[in-house]
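Taking it in order: structure first as structure tokens, then the write-up.
Being a predicted model, the structure only gives us computed values, none of them experimental.
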Amino acid sequence: MKGILIAGLILISLGSLVGCSQAEPERATIFAMDTVMTLTIYGDEASAARQRAAQEIHRLEELFSVTLADSDIARINQSAGESVTVEPETAAILAETVAIWRETGGAFSPALHPVLQAWGFTTGAYQIPDADDLTALLAHTNPADIMLDGTQVTVPAGMELDLGAVVKGYAGDVLAALMVEMGIETAIFSLGGDVYAVGERPGGGPWRVAIRDPFGDGDIGVVGVRDQIVSTSGSYERYFIGPDGVAYHHILDPATGRPAESGLVSVTVIASNGTRGDAISTALFVMGLAEGAIFAAQRADIEVIFVTEAGELHVTEGLKDRFTPGDGRKISWI
């Protein structure tokens, strides 16, 4: 598909852009934050911007990784209840994640690392945890217990943080700000399940981002965006089949510690703030369609595309002029 990006797992193909009036872009494909990322940048400073963008992604990984021993998050997780001094950036994103946890009524949480580990989603050693073990782990997952005092962070012994559900969106915010700093007006970044579009596509007009079909190849439709993120959370992205024949996906309900059973297979959020878009797509998946639609209707800063297990497509009305469904697909506007 020419000029269309795929959101939902990774950038599949950038293709050639119709009506391109600019020089060929600078492109880079890197592996970071446990996913493949593709950077595409236009302009006179595109080469330098591409290098800076890649450096920023790796810098953020070194700050927020749960596996790199010297990262701020790893040091917090190893602190055994002691206060840890972190970078101001880390303190700021933790404060924002706690705020989003409150805003979503607990549907999003930055404190689920031990629970994700118990399922094997951080290690690849997949298993179904014992119910009693999950109950014990959940006792240490209340984000209200995260204490922030400037750059001092304290969490109770037994609590471990994981920013995997927000850090790619935050990376989009950082890269977008970097493009402004470097005078870049046209760029697009595929960051795993997130696509961040800077400015307009070459030749003018919004970037066209295709939303992956959770049930197979192709897409469910295309959304036009400028200076926004398209962030998708889906049960098809990472899962395993248990010995009972059931598929267990990685989007956990913080209330139960188990894969969310919300009747949804995919939620896509379009937002100007990548951090919020990334986190809220996860929260809405956990909430389900009914509660998620109410949440979305009360917020002017997001638009949402819900896909149910029955294959139904529910889209917020703010996308009526920007979302084109795939052939033959019916939309319920909400």
Side-chain angles (χ1 to χ4, degrees), residues 1-15 34-36 38 107 119 121 126 128 164-165 168-169 190-195 207-225 229-253 258-270 277-278 280-293 295-296 302-317 319-320 322-334:
M1 294 175 292
K2 292 188 176 182
I4 297 178
L5 303 181
I6 301 293
L9 182 59
I10 63 172
L11 173 65
I12 295 178
S13 176
L14 187 62
D34 199 30
T35 192
V36 176
T38 303
W119 285 93
F121 288 118
Y126 301 120
I128 303 171
K168 298 177 187 69
S190 175
L191 309 170
D194 300 329
V195 173
W207 290 97
R208 297 178 293 162
V209 179
I211 312 301
R212 178 176 170 179
D213 184 347
F215 299 102
D217 296 333
D219 60 80
I220 61 170
V222 177
V223 63
V225 291
I229 197 166
V230 180
S231 180
T232 298
S233 294
S235 56
Y236 58 88
E237 292 177 331
R238 183 175 298 179
Y239 65 93
F240 69 94
I241 305 298
D244 53 3
V246 175
Y248 295 90
H249 62 79
H250 75 295
I251 305 176
L252 303 185
D253 184 340
R258 298 180 59 82
E261 298 179 359
S262 63
L264 298 173
V265 292
S266 171
V267 175
T268 298
V269 170
I270 294 89
D278 201 359
I280 288 176
S281 69
T282 300
L284 295 182
F285 188 100
V286 172
M287 290 181 192
L289 178 61
E291 184 181 351
F295 182 96
I302 61 171
E303 300 294 344
V304 187
I305 301 165
F306 298 92
V307 183
T308 70
E309 291 175 349
E312 299 166 340
L313 197 58
H314 299 262
V315 184
T316 54
E317 289 192 343
L319 291 177
K320 274 191 172 181
R322 294 198 283 148
F323 180 69
T324 304
D327 293 341
R329 292 186 179 272
K330 296 181 179 180
I331 296 178
S332 294
W333 296 102
I334 56 177

- Does Phe285 reach the side chain of Ser235, with side-chain heavy atoms less than 4.5 Å apart? yes
- Item | Aromatic ring pairing Trp333/Phe323, orientation class (parallel under 30°, perpendicular over 60°, tilted between) | perpendicular
- Task: Flag yes if more than 12 heavy atoms outside Phe240 fall under 6.0 Å of its CZ atom; otherwise flag no.
- Result: yes
- Query: If you measure from CG on Leu264 to CG on Leu284, what distance do you get to the nearest 0.5 Å?
  - Reply: 9.0 Å
- Query: Out of curiosity, Leu289 CG to Glu309 CD, how far, rounded to the nearest 0.5 Å?
  - Reply: 11.5 Å
- Centroid separation Tyr236 to Phe215 less than 6.0 Å: no
- Item | Worked verdict on Thr232 versus Arg212 for side-chain contact (heavy atoms from CB on, under 4.5 Å) | CA-CA 9 Å; Thr232 298; Arg212 178 176 170 179; over 6 Å; no
- Heavy atoms of other groups near Asp244 CG, more than 12 under 6.0 Å: yes
- Query: Quick one: does Ser332's side chain get under 4.5 Å of Leu313's, heavy atoms only?
  - Reply: no
- Query: Is the closest side-chain heavy-atom distance between Asp219 and Ile211 below 4.5 Å?
  - Reply: no
- One should read off an interatomic distance between Thr324 OG1 and Arg329 CZ, to the nearest 0.5 angstrom, of 13.5 Å
- Steps toward side-chain hydrogen bond (donor to acceptor under 3.5 Å, both in side chains) verdict (Ser233, Ser281): CA-CA 6 Å; Ser233 294; Ser281 69; 2.8 Å; yes
- Message: If I compare all heavy atoms of Thr282 with all of Ala165, which pair ends up nearest, and what's the gap?
- Response: OG1-CB, 3.9 Å
- Taking the side chain as C-beta and beyond, is there a heavy-atom pair between Tyr126 and Trp119 under 4.5 Å? no
- Message: I need the minimum non-hydrogen distance between Tyr239 and His249, along with the two atoms involved.
- Response: CB-CA, 3.7 Å
- Measure the shortest side-chain to side-chain distance between Leu191 and Ile229 over non-hydrogen atoms and say whether it is less than 4.5 angstrom. no
- Residues two or more places apart in sequence or in another chain: which of them pass salt bridge (charged side-chain N to carboxylate O under 4.0 Å, His left out) with Arg258? none
- Message: As a test of understanding, state which of Val223, Asp194, Ile305 forms a side chain to side chain contact (heavy atoms under 4.5 Å, CB included) with Val230.
- Response: Val223
- Query: Do Ile220 and Pro214 have side chains that get closer than 4.5 Å, going by heavy atoms?
  - Reply: yes
- Task: Mind listing the closest non-hydrogen atom pair of Pro243 and Ile128 along with its distance?
- Result: CD-CD1, 4.0 Å
- Can you tell me how far CD of Glu303 sits from CD of Glu317, rounded to the nearest 0.5 angstrom? 9.5 Å
- Task: Please report the shortest heavy-atom distance between Ala296 and Val304, naming the atom on each side.
- Result: CB-CG2, 3.7 Å
- Query: Heavy atoms, side chains only, cut-off 4.5 Å: are Val246 and Tyr248 in contact?
  - Reply: yes
- Message: Strictly distance-based, threshold 3.5 Å: is any side-chain N or O of His250 a donor or acceptor partner for the main-chain N or O of Arg238?
- Response: yes
- Query: Got Thr35 and Glu237 here, is their nearest side-chain heavy-atom distance under 4.5 Å?
  - Reply: no
- Atom pair CG/CD of Asp253 and Glu261 - distance to nearest 0.5 Å: 9.0 Å
- Task: Any chance you could measure Thr268, atom OG1, to Ile302, atom CD1, to the nearest 0.5 Å?
- Result: 12.0 Å
